[in-house]
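Right, one structure below, let's go through it.
The chain is numbered in sequence order, starting from 1.
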Amino acid sequence: MNTVIVGTQWGDEGKGKIIDILSADSDYIVRYQGGNNAGHTVVVDDKEYIFHLIPSGILHKGKICCLGNGVVVDPAVLIKEIESLSKSGIEIDTRLKISGLVHVILPYHKILDQLRETKRKYRIGTTGRGIGPCYADKINRCGIRMIDLLNESVFKDKLRDNLNEKNEIFKKVFGHHGFKFSRIYDEYLRYGKIFSRYICNISGLLRKAIKNKKDILFEGAQGTFLDIDFGTYPFVTSSSTISAGACIGTGVSVSAIDRVVGVAKAYTTRVGEGPFPTEFEPAFAEAIRAKGSEFGATTGRPRRCGWFDSVMVKESILLNGITELAIMKMDVLSGLKRIKICTAYKYKGKIFKEFPYDLEVITRAKPVYKEINGWSKTLALPRSYNQLPAGARDYISLLEDLLQTKITIISVGSGRLDTIFLD
Ligand code: IMP
C-alpha cells in the first residue's frame with residue numbers, strides 16, 4: 001500500500017506523529033517537497049525529536065528513508081541532523097537515500113530570502129531558510145543539484161555563472177557585498193564528499209520497491225494552504241505541498257498511490273503572515289497557544305490560532321483526494337464551554353460555501369459559525385472512541401458530517417499511545 005500524508009491547513013497539523021505511527025507499517029518513508037523550513041516533532045518514550053529534513057520514519061529500525069528530487073537541501077542542516085540522530089544511537093548510513101536531483105540551498109539563497117523580505121510591502125513571514133530563492137533558481141534553470149557537487153568541473157561552472165549574476169544583483173539592488181567563489185566552492189565540494197554515500201536514483205529505487213510490493217509512505221511537509229498554486233498566495237511556501245507533489249517530487253507515477261491521509265488539527269493555526277478568517281482574538285489565542293504549545297518547531301515563532309475551518313478543509317479534501325482524516329490535538333479543546341466550527345464565509349452580503357481563491361475575499365470575509373457544547377473532562381488516556389466525553393464525540397461526528405470524510409484517527413496527546421484508531 002502506498003500512502004501519502006498531507007497537511008490540510010497551514011502546516012503544523014501534527015503530521016509528524018501520524019507519520020511516525022504509519023511508518024511502523026511501511027518499508028520506505030519519503031519526503032517529496034520543502035526543505036528545512038519544515039519541522040516535525042515526534043515524542044517517543046518522553047524523548048522529543050525534531051526533524052527538519054530526514055523523514056521521522058528513521059526512528060523505526062530498518063526503514064529506508066528517502067529525500068526525493070522535490071526536496072531542497074541545506075547541506076549544513078542535514079549534516080547536523082545526521083550527527084544528532086547518530087548520537088542518539090539511530091543508524092543512518094545504510095538507511096538514508098538522497099536523490100541526486102535535489103536542489104541545494106547555497107548561502108546566497110538564505111541571504112536573498114531575508115533581504116527580499118525586508119524590502120517587501122507585505123511580508124510573507126518566510127522562515128528565511130533560503131527555500132524560495134532555491135526553488136526559484138530551479139525554475140530559472142540555474143539551480144545546483146546534489147549530483148553537481150560530485151563533479152568538480154560541473155559545479156565550478158555552475159557556481160561561477162550564478163555568482164557572476166547574483167553578486168551584481170546583491171551589490172546593486174541590496175547594497176550587499178556579495179559572495180566569494182572559493183569559499184562556497186570548497187565548502188560545498190566537501191559536502192558532496194560527505195553525501196556521496198547517500199546519493200542514489202530515488203525514482204528507480206521506489207519503482208523497484210513498488211514492483212516488489214513494498215509499502216511506501218510519502219511524507220508531506222507544510223500544508224495545503226501553503227501550496228505554491230492552491231495556497232493563500234503569495235503567503236505560501238514555494239513547493240507543491242498537495243498530494244500530487246508526491247509524484248512530481250519523487251518520480252513515482254500517479255497510478256501507484258493507493259491512499260491519501262489528510263491531517264487536520266481540531267482547531268486551526270498559522271505561522272507567518274497572510275489571511276486567516278477564523279483567527280481568535282489575541283487573549284483567547286494566547287490561552288490556546290499556551291495550552292497547545294503552539295510555537296513553530298523550526299523558528300520558535302508563536303503560531304496564530306483560530307477555530308476549525310471546514311470550508312478550507314473541505315477544499316483540501318478535494319485538492320488532495322483525501323480518503324481518510326486524522327484529527328489532532330483534540331485534548332487542547334477540553335474545558336471550553338462552547339466550540340465553533342466555520343461552515344461558510346460571508347463577504348459583501350454573499351455566502352461562500354466553497355473556498356474562494358480571491359485573496360480579498362479570504363482576507364476580508366467574516367466566518368459563519370456553527371456552535372456546539374464543549375466538554376469539561378480531560379481526554380487523558382481514553383483508548384477508544386466510546387471513552388471520549390459525549391461533547392468530544394459530538395464534535396467528531398459534526399466534523400465528519402461537514403467534511404463528508406471518514407475520520408480514522410483521533411489524537412489526544414503527543415505520545416504514540418495518546419491515539420484513538422477508529423477503523
Ligand atoms: P518559507 O517557505 O520559509 O519561505 O515560508 C513561507 C511561509 O510558509 C511562511 O508563512 C512560513 O511561516 C510558512 N511555513 C513554511 N514552512 C512551514 C512549516 O513547516 N509549517 C508551518 N508554516 C510553514
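- Between Leu226 and Gly11, the shortest heavy-atom distance links the atoms CD1-N, 4.5 Å.
- In this structure, the side-chain contact (heavy atoms from CB on, under 4.5 Å) partners of Leu422, at least two apart in sequence or on a different chain, are Tyr385, Ile410, Ile420.
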Item to check | side-chain hydrogen bond (donor to acceptor under 3.5 Å, both in side chains) evaluation trace for Arg259 with Thr323 | outcome: CA-CA 6 Å; Arg259 172 163 86 134; Thr323 47; 6.0 Å; no
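- Between the side chains of Asp20 and Ser56, not a single donor N or O lies within less than 3.5 Å of an accepting N or O.
- Considering only residues two or more places apart in sequence or on other chains, Asp137 meets the salt bridge (charged side-chain N to carboxylate O under 4.0 Å, His left out) condition with Lys166.
- A salt bridge links Glu371 with Arg338: the distance from a Lys NZ or Arg NE/NH1/NH2 to an Asp or Glu carboxylate oxygen falls below 4.0 Å.
- A ring pair (Phe, Tyr, Trp, His ring centres under 6.0 Å) check over residues 248-285, counting only residues at least two apart or in different chains, returns the pairs Trp10-Phe276, Phe280-Phe284, Phe280-Trp307, Phe284-Trp307.
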Considering only distance and modelled atom types, tabulate donor-acceptor pairs under 3.5 Å from the side chains of residues 21-29, sequence neighbours left out.
| unit_1 | atom_1 | unit_2 | atom_2 | d |
| --- | --- | --- | --- | --- |
| Ser23 | OG | Ile19 | O | 2.5 |
| Ser26 | OG | Leu22 | O | 2.9 |
| Asp27 | OD2 | Asp215 | N | 2.7 |

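- Here the shortest heavy-atom pairing between Asp12 and Lys15 reads N-NZ, 3.8 Å.
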Next on the checklist: Test side-chain hydrogen bond (donor to acceptor under 3.5 Å, both in side chains) on Ser384 and Gln387; report intermediate values, then the result.
Outcome noted: CA-CA 5 Å; Ser384 72; Gln387 284 172 299; 3.2 Å; yes
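- Side-chain atoms of Ser88 never come within 3.5 Å of backbone atoms of Ile90 as a donor-acceptor pair (strictly under, hydrogens ignored).
- Residue pairs that meet the salt bridge (Lys or Arg N to Asp or Glu O under 4.0 Å) test with at least one member in residues 30-58, sequence neighbours left out, do not exist here.
- Here Asp74 pairs with Lys110 under the salt bridge (charged side-chain N to carboxylate O under 4.0 Å, His left out) rule; sequence neighbours left out.
- Salt-bridge formation is detected for the pair Glu294/Lys265: a Lys NZ or Arg NE/NH1/NH2 atom is positioned less than 4.0 Å from an Asp or Glu carboxylate oxygen.
- Remark: Glu273 engages no residue in a side-chain hydrogen bond (donor to acceptor under 3.5 Å, both in side chains) (not counting sequence neighbours).
- One finds a salt bridge joining Glu117 and Arg120 here, because a Lys/Arg side-chain nitrogen approaches an Asp/Glu carboxylate oxygen to under 4.0 Å.
- Of the N and O atoms on the side chains of Arg129 and Thr127, not one donor lies less than 3.5 Å from an acceptor on the other residue.
- For Gln33, the side-chain contact (heavy atoms from CB on, under 4.5 Å) partners are Tyr135, Ala221, Gln222, Ser239, Thr241, not counting sequence neighbours.
- Side-chain contact between Leu78 and Leu67 is present, with at least one heavy-atom pair separated by less than 4.5 Å.
- For the residue pair Thr224 and Asn320, a side-chain donor N or O sits within less than 3.5 Å of a side-chain acceptor on the partner.
- Although no hydrogens or angles enter the test, the distance criterion places no donor-acceptor pair under 3.5 Å between the side chain of Glu279 and the main chain of Arg304.
- For Ser255, the side-chain contact (heavy atoms from CB on, under 4.5 Å) partners are Ser253, not counting sequence neighbours.
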Checklist entry - Please walk me through it: do Asp113 and Thr126 pass side-chain hydrogen bond (donor to acceptor under 3.5 Å, both in side chains)? => result CA-CA 8 Å; Asp113 215 4; Thr126 170; 3.3 Å; yes
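- Contact of the Leu149 side chain with the Leu189 side chain is not registered, since no non-hydrogen atoms from C-beta on lie closer than 4.5 Å.
- The backbone N or O of Ile242 lies less than 3.5 Å from no partner atom in the side chain of Ser240, so there is not a single donor-acceptor pair.
- When all heavy atoms of Cys66 and Pro55 are compared, the pair lying nearest together is O-CG, 3.6 Å.
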Would you list the atom pairs, donor with acceptor, under 3.5 Å between side chains in residues 354-363 and any protein atom, with sequence neighbours excluded?
| unit_1 | atom_1 | unit_2 | atom_2 | d |
| --- | --- | --- | --- | --- |
| Tyr357 | OH | Glu315 | OE2 | 2.8 |
| Asp358 | OD1 | Glu360 | N | 2.9 |
| Glu360 | OE2 | Tyr347 | OH | 2.4 |
| Thr363 | OG1 | Leu359 | O | 2.5 |

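- Counting only residues at least two apart or on different chains, no side-chain hydrogen bond (donor to acceptor under 3.5 Å, both in side chains) pair has a member in residues 388-398.
- Phe170 and Phe179 have their aromatic ring centers within a separation under 6.0 angstrom.
- In this structure, the separation between OG on Ser84 and OH on Tyr49 is 9.0 Å, given to the nearest 0.5 Å.
- With no hydrogens or angles considered, no side-chain donor-acceptor pair links Asp148 and Tyr188 at under 3.5 Å.
- Inter-residue side-chain proximity for Val311 and Thr343 is flagged as unmet; no heavy-atom pair is nearer than 4.5 Å.
- Listed for the His60 side chain is no donor-acceptor partner under 3.5 Å among the backbone atoms of Gly57.
- Using a 4.5 Å heavy-atom threshold, the side chains of Met330 and Trp375 count as touching.
- Contact annotation: the side chain of Phe295 never approaches that of Val271 to less than 4.5 Å [non-hydrogen atoms, C-beta and beyond].
- The shortest distance between side-chain heavy atoms of Met146 and Val73 falls below 4.5 Å.
- Taking both residues in full, the closest heavy atoms of Pro133 and Arg116 are given as CG-NH1, 4.3 Å, listed atom of the first, atom of the second, then distance.
- Closest of all the heavy-atom pairs between Ile341 and Ser310 is CG2-CB, 4.2 Å.
- Residue Leu333 comes nearest to Ile339 through the heavy atom pair CB-CD1, 4.1 Å, listed as atom of the first residue, atom of the second, then distance.
- Using modelled atom types and a 3.5 Å distance limit, the side chains of Tyr198 and Asp93 yield a donor-acceptor pair.
- Among pairs with a residue in residues 400-412, those fulfilling side-chain hydrogen bond (donor to acceptor under 3.5 Å, both in side chains) read Lys17-Ser411, Glu324-Thr408, at least two apart in sequence or across chains.
- With no hydrogens or angles considered, no side-chain donor-acceptor pair links Asn37 and His52 at under 3.5 Å.
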